[in-house]
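Data first, discussion second: the structure below is written as structure tokens.
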Amino acid sequence: MTTSSNFLSNLALAIILFPLLGCLIAGFFGKKIGQRGAHWVTTLMVGASFFLSIYLVKLVVFDNLTFNGAIYTWGSSGNFVFDVGFLIDRLSALMMLTVTFVSFLVHIYSIGYMKGDPGYQRFFSYISLFTFAMLMLVSANNFMQLYFGWEGVGLVSYLLIGFWYKKNSANEGGLKAFLINRVGDLGFILGIGAILAFFGSVDYATVFSQAPALAASNAMVNIYPHIHWSAITVICLLLFIGAMGKSAQMPLHVWLPESMEGPTPISALIHAATMVTAGVYMVARMSPLFELSPVSLSVILIIGGTSALFTGILALVQNDIKRVVAYSTLSQLGYMMAALGASAFSAGIFHLFTHACFKALLFLAAGSVIIGMHHEQDMRKMGNLRKYMPITYVTFLIGALALCAIPPFAGFYSKDTIIDAVHLSTVFGGTYAYYCVLIGTFVTALYTFRAFFMTFHTEERMDQHTRETIKESSAVVWIPLLVLAVPSIILGWVLEGPMLENLFGNAIYTASQYDTLSTIASDFHGSWAMMLHAVFTLPFWLAIAGVFCAWFAYVCRPQLPAVLAQRFSTLYTVLVHKYGFDEFNNWFFVKGGIRFANWLFRVGDIKILDDLMVNGSGRVVAWLSAAARKLQTGYLYHYVLAMVLGVLVFGVWYS
Amino acid sequence: MSFTLSQLIPAIPEVFVTIMIAVTILVSLFLGEKHRNATFYLTQATLLICTLLTVNIFHHQTQIAFHNSFIVDHMACILKVFVYAMTFLSLLYAQPYLRGTELGAGEFYILTLFVVLGMMVLISAYSFITLFIGLELFSLPLYAMIAMQRTAVTAEAAMKYFVLGSSASAFLLFGMSMVYGATGALTIPDIQNAVLLHSPTIAILGLIFILAAVAFKLGAAPFHMWIPDVYEGAPLPVTLILASATKIAAFVLAIRLLVNALPLLTNQWQHMLIFVAILSMLIGNLVAIVQTNIRRMLAYSSIAQMGYMLLGLVSGIGVGFGAAMFYIIVYAIMSLGAFGVLMLISRTGFEVHSINDLRGLNRRNPWLAFMMLLVMFSMAGIPPSAGFFAKIAVLVALVHVHLVWLAALALIFAIIGAYYYLCVVKVMYFEEPEETSLIEINGLGKQLGISVNCLMVLVLGILPTGLFQLCQAAFVGG
């Protein structure tokens with residue numbers, strides 16, 4: 001047993017360190033090894049990680065091995081010990097596989113997409129660094145390492161959004177992502193602090209084993225005088241704030257659309273498949289904590305449901321192909337969160353996996369379109385691309401069908417399970433969330449196929465020069481598309497059964513009173529049956545209706561959307577302004593912050609600090625100095641007098 | 001009570017210096033102009049051999065000789081070694097300057113040896129009589145050394161120092177006689193163990209006069225007035241010794257008279273020292289700010305630094321005394337470094353006076369500028385210099401005895417003080433020199449000396465443990 005767990009930890013270490021090695025080589029020796037060297041070394045390293053991850057999953061899922069332990073003590077302070085350690089179980093092993101899989105494909109894809117970019121080596125170094133940080137995040141066995149990975153992916157995300165740093169919008173987007181993640185991370189670090197305060201440890205196993213006792217003891221946190229909150233709820237809500245930032249849940253979602261300023265492979269890897277799902281992963285990992293706090297489950301459910309529906313609606317008015325996919329990511333993240341709130345943690349993670357595949361596929365396909373259109377992203381200038389880019393067309397369609405939850409594609413299984421689970425949820429807000437996710441399926445189908453039709457069907461709206469040069473992208477671009485299309489089709493069909501039957505083992509804990517998935521599992525008679533049953537369910541028909549509406553409005557009657565926009569101009573304005581979140585943030589936080597800072601500068605800095613304290617004390621000292629130096633007259637008898645006076649003072653004082 | 005030769009063993013270094021003084025006088029008398037350097041080398045050799053002798057008797061336990069009037073303990077040995085080292089370096093820096101003036105004759109070195117002998121006697125003194133003899137033995141040659149160069153300025157400085165120093169000696173004698181009256185004892189262990197015969201008033205009155213003399217020798221306010229005038233007026237070679245070695249001797253005076261002799265009156269001298277320390281830090285730091293003459297600035301800074309050192313004594317505990325001892329050693333090193341740089345920049349006919357003389361030193365001699373920077377940072381108490389560590393140690397001792405307010409006050413003064421130290425750095429690095437010619441130091445010995453001297457400030461800041469533990473061992477459980 002010890003040898004096998006040793007082997008497991010070494011295997012995990014190898015998986016994690018390979019991308020770091022690639023990052024360092026490409027980062028520090030990029031000039032020496034050249035562009036080819038950079039993409040070869042990083043791709044090979046991540047590839048090695050990917051194949052080792054397959055083996056790891058085999059060991060963990062099929063041979064039932066697990067590992068939980070420290071491999072290095074990073075630091076200790078008093079009674080607190082901070083380790084670098086791994087928790088390798090079914091959840092983290094599958095996450096590692098997903099991360100390395102998507103990352104590997106994105107590496108290959110980037111060889112084509114980034115061709116000729118001046119920051120080529122830097123780019124490959126960054127994405128390898130990202131892979132390393134994300135693997136550290138998912139493999140952690142304690143909160144400190146989780147936080148390390150969490151901040152690491154945040155940093156690389158910032159670097160990559162602003163990758164084209166000469167573009168002002170890219171810099172602004174990166175800054176926005178960074179700042180909004182600060183808000184979430186503040187909650188997260190406070191949550192970790194609260195955990196350290198209440199449990200005295202940041203180790204998962206210790207915390208989870210003591211959590212029921214803490215919940216039972218009704219420990220309270222005194223936030224304001226006379227307002228007492230249950231400790232476990234405070235911890236969970238703080239952690240969830242972190243998840244909201246990272247997984248872009250309302251109202252902290254505003255950074256994700258801006259993140260599309262980065263290169264498209266990044267949007268696929270970081271802002272769709274992996275990093276933004278870190279919040280979902282974290283909440284699922286903390287399921288033993290969240291299950292103890294019905295309040296936080298309700299909050300997650302309501303925020304998840306809201307995000308699922310309302311960010312989806314926003315995608316309807318976007319014309320930038322990447323932004324449509326970005327908003328759909330927000331919406332799908334909302335689905336995952338709603339699943340977590342309904343205690344269907346496995347379903348949430350399941351959707352994470354399928355979403356990683358089909359969303360990466362959609363992004364990469366969108367990227368392929370963008371390459372073909374010479375970096376034009378506006379769908380109003382596309383149309384009928386299926387004639388020029390058949391492979392992209394087919395793979396985009398597969399991704400779209402998976403996203404719209406049309407059986408038998410992957411998204412159908414995961415999303416349908418989520419909708420059922422939310423329907424069954426008994427915590428407060430369940431009904432509201434159910435209607436959100438239900439209507440969400442219609443909206444999803446509508447915006448997805450709106451983008452699909454506008455891009456690949458309808459008449460050609462691009463200019464003459466572009467039209468003549470459009471061609472299918474090169475093999476390094478379309479091979480990843482084909483590879484991703486496979487799991488987008490079959491992954492749901494394959495995994496639905498195992499997922500309901502405890503795919504994640506002990507990694508996820510569900511309290512019996514919230515166990516929605518077991519109800520679903522008891523009604524489950526195989527993937528075929530579920531698929532056939534779909535035609536009798538509401539979500540299926542809503543999705544079909546969405547596809548139909550999109551076809552009707554954008555292919556049959558292309559003038560209809562404009563008419564609708566005019567007729568419902570208020571609603572349209574609200575949507576175009578994205579419910580005004582950006583305006584509010586801009587007015588309140590940015591402008592308000594600047595005004596407040598100005599006030600502090602004028603009053604606090606100049607008047608109080610500079611005039612009163614710095615210059616004031618300086619003036620006092622200068623005045624005193626001038627006075628004191630007058631004592632030094634240079635006359636001998638004055639000096640003697642001073643000595644005698646000194647003695648006299650002591651004498652009078654003590655006698 | 002018969003005298004045996006073995007009783008002389010603790011005093012071997014003193015005996016040796018005395019012999020060497022006689023030898024040096026004879027040698028300088030019979031050597032011609034050509035061999036003037038011989039006295040310099042003889043003096044330096046004497047100091048080196050003294051170091052060996054002193055280190056040699058350091059291994060023994062505390063020894064008391066000559067009927068309780070002479071002591072060789074840890075503190076004495078350590079501080080004597082530093083006195084030799086300070087004097088050695090002072091002469092090393094001063095030698096080329098001395099060669100060009102009338103000071104260059106053998107007398108200067110002989111008088112220096114007398115000063116060293118006086119300090120040695122003072123450091124090892126264990127009764128009022130030997131203390132006073134040591135004090136006068138090192139003070140009188142200094143008056144003469146200041147006056148050797150016959151100019152109006154030096155004469156004024158020598159006169160002031162002589163008159164004020166004599167007053168201080170009178171205070172000391174008066175105070176000692178009162179303590180004698182109160183206790184009936186002259187040796188320190190007897191005074192320590194004496195039950196006060198009459199009311200303590202007489203003893204306290206004696207304490208006041210003794211403390212005034214001690215403060216005078218340290219140059220602490222309000223008995224500090226001579227310091228700026230003498231530092232400025234005296235020839236630089238004398239200032240070097242005044243600003244480094246004699247501070248160590250004055251520290252011993254304080255320890256022997258206050259800590260060793262009068263533990264019964266600890267409360268009283270603690271209170272007086274608080275007053276003296278605060279006043280020193282206040283006057284020293286404030287007046288240093290407005291100085292344009294670097295020697296006066298360093299003089300006021302020394303007043304302030306003595307204030308910090310006294311805080312260690314104020315704490316009244318062994319840890320604090322050890323911290324104060326560490327502080328005085330570090331201060332002596334820093335002060336010697338600062339004046340040493342000034343000495344090396346000065347040439348015959350040109351002595352550094354104004355801070356502006358250091359303008360653009362970085363261009364003219366980057367290494368010297370860097371050495372001065374280290375010393376200034378250390379004096380300001382910026383980590384990782386020794387000055388930082390010394391201040392911390394003193395403040396920690398204060399916090400130990402719950403004098404947090406005093407520690408906080410000292411910190412505020414330290415912040416004010418940082419200003420004028422950093423000003424020197426600013427002038428050296430960021431201002432244009434008036435003259436652009438390079439300054440060269442002739443002689444490997446001087447370069448090595450100033451480098452070791454100033455780098456010590458850094459080394460003792462990074463690795464203070466060795467010396468600090470030696471200092472602590474002299475007071476705690478020693």
Side-chain angles (χ1 to χ4, degrees), chain A residues 72-82 197 597 599-655, chain B residues 156 159-164 166-168 170-171 174-175 199-202 204-205 207-213 215-216 220-229 232-233 265 267-269 271-272 275-276 279 282-291 296 299-300 412-413 415-417 419-420:
Chain A
Y72 173 74
T73 300
W74 177 61
S76 63
S77 168
N79 295 326
F80 302 135
V81 179
F82 302 111
W599 179 81
L600 279 184
F601 175 66
R602 276 197 326 271
V603 176
D605 199 61
I606 293 186
K607 287 211 178 122
I608 295 180
L609 284 179
D610 276 4
D611 280 1
L612 203 68
M613 295 174 74
V614 177
N615 292 336
S617 57
R619 269 196 300 273
V620 169
V621 168
W623 179 80
L624 282 175
S625 301
R629 78 185 295 189
K630 294 215 177 86
L631 294 174
Q632 194 80 22
T633 53
Y635 293 119
L636 192 53
Y637 52 89
H638 284 170
Y639 295 1
V640 181
L641 183 68
M643 285 171 68
V644 173
L645 278 178
V647 170
L648 265 182
V649 167
F650 286 139
V652 170
W653 193 359
Y654 279 99
S655 23
Chain B
E156 185 193 337
M159 196 63 197
K160 279 179 178 165
Y161 190 29
F162 178 64
V163 172
L164 294 170
S166 308
S167 319
F171 280 7
F174 192 50
S199 70
T201 320
I202 295 182
I204 291 175
L205 219 56
L207 170 69
I208 291 170
F209 280 99
I210 289 177
L211 194 118
F216 175 85
F223 310 98
H224 66 284
M225 303 293 238
W226 61 280
I227 293 261
D229 291 6
E232 187 194 2
L265 300 176
N267 271 336
Q268 281 80 0
W269 58 253
H271 284 152
M272 295 180 203
F275 176 77
V276 170
L279 205 62
L282 181 80
I283 290 182
N285 280 320
L286 284 183
V287 184
I289 286 179
V290 288
Q291 299 303 320
R296 286 186 84 82
Y300 281 105
I412 292 172
F413 285 128
I415 294 167
I416 295 176
Y419 172 79
Y420 54 86

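Computed from a prediction, not measured in an experiment: that's the story for all the values here. Lettering follows sequence order; numbering is per chain, from 1.
Under the 30°/60° scheme for interplanar angles, the aromatic rings of A:W653 and B:F275 are found to stand perpendicular. Note on ring orientation: taking the six-membered ring where Trp is involved, the planes of B:F216 and B:Y161 are parallel (angle under 30°, cut-offs 30° and 60°). Using cut-offs of 30° and 60° for the angle between ring planes, the A:Y635 and A:Y637 rings count as parallel.
Heavy atoms of B:V290 lying under 4.5 Å from chain A belong to its backbone as well as its side chain. Only the side chain of B:H224 comes within contact range of chain A, with heavy atoms under 4.5 Å apart. For a residue to count as touching a neighbouring chain, one of its non-hydrogen atoms must lie under 4.5 Å from one of that chain's; by this rule B:L211 touches chain A with the side chain only. Only the side chain of B:I416 comes within contact range of chain A, judged by heavy atoms closer than 4.5 Å.
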Only distances under 3.5 Å count here; give the side-chain donor-acceptor pairs of residues 604-611 of chain A to other protein atoms, sequence neighbours excluded, each with its distance to 0.1 Å.
none

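Two residues are said to be in side-chain contact when any heavy atoms from C-beta on lie closer than 4.5 Å; B:Y419 and A:V621 fail this criterion.
Most heavy-atom pairs under 4.5 Å with chain B: of the set A:A622, A:G634, A:A626, this distinction falls to A:G634. The candidate with the highest count of non-hydrogen atom pairs below 4.5 Å against chain A, out of B:L279, B:I289, B:D229, is B:D229. Chain A forms the most heavy-atom pairs under 4.5 Å with one residue out of B:K160, B:Q291, B:M272, and that residue is B:M272.
Heavy atoms of other residues, nucleotides or ligands lying less than 6.0 angstrom from CZ of B:F162 number 12 at most.
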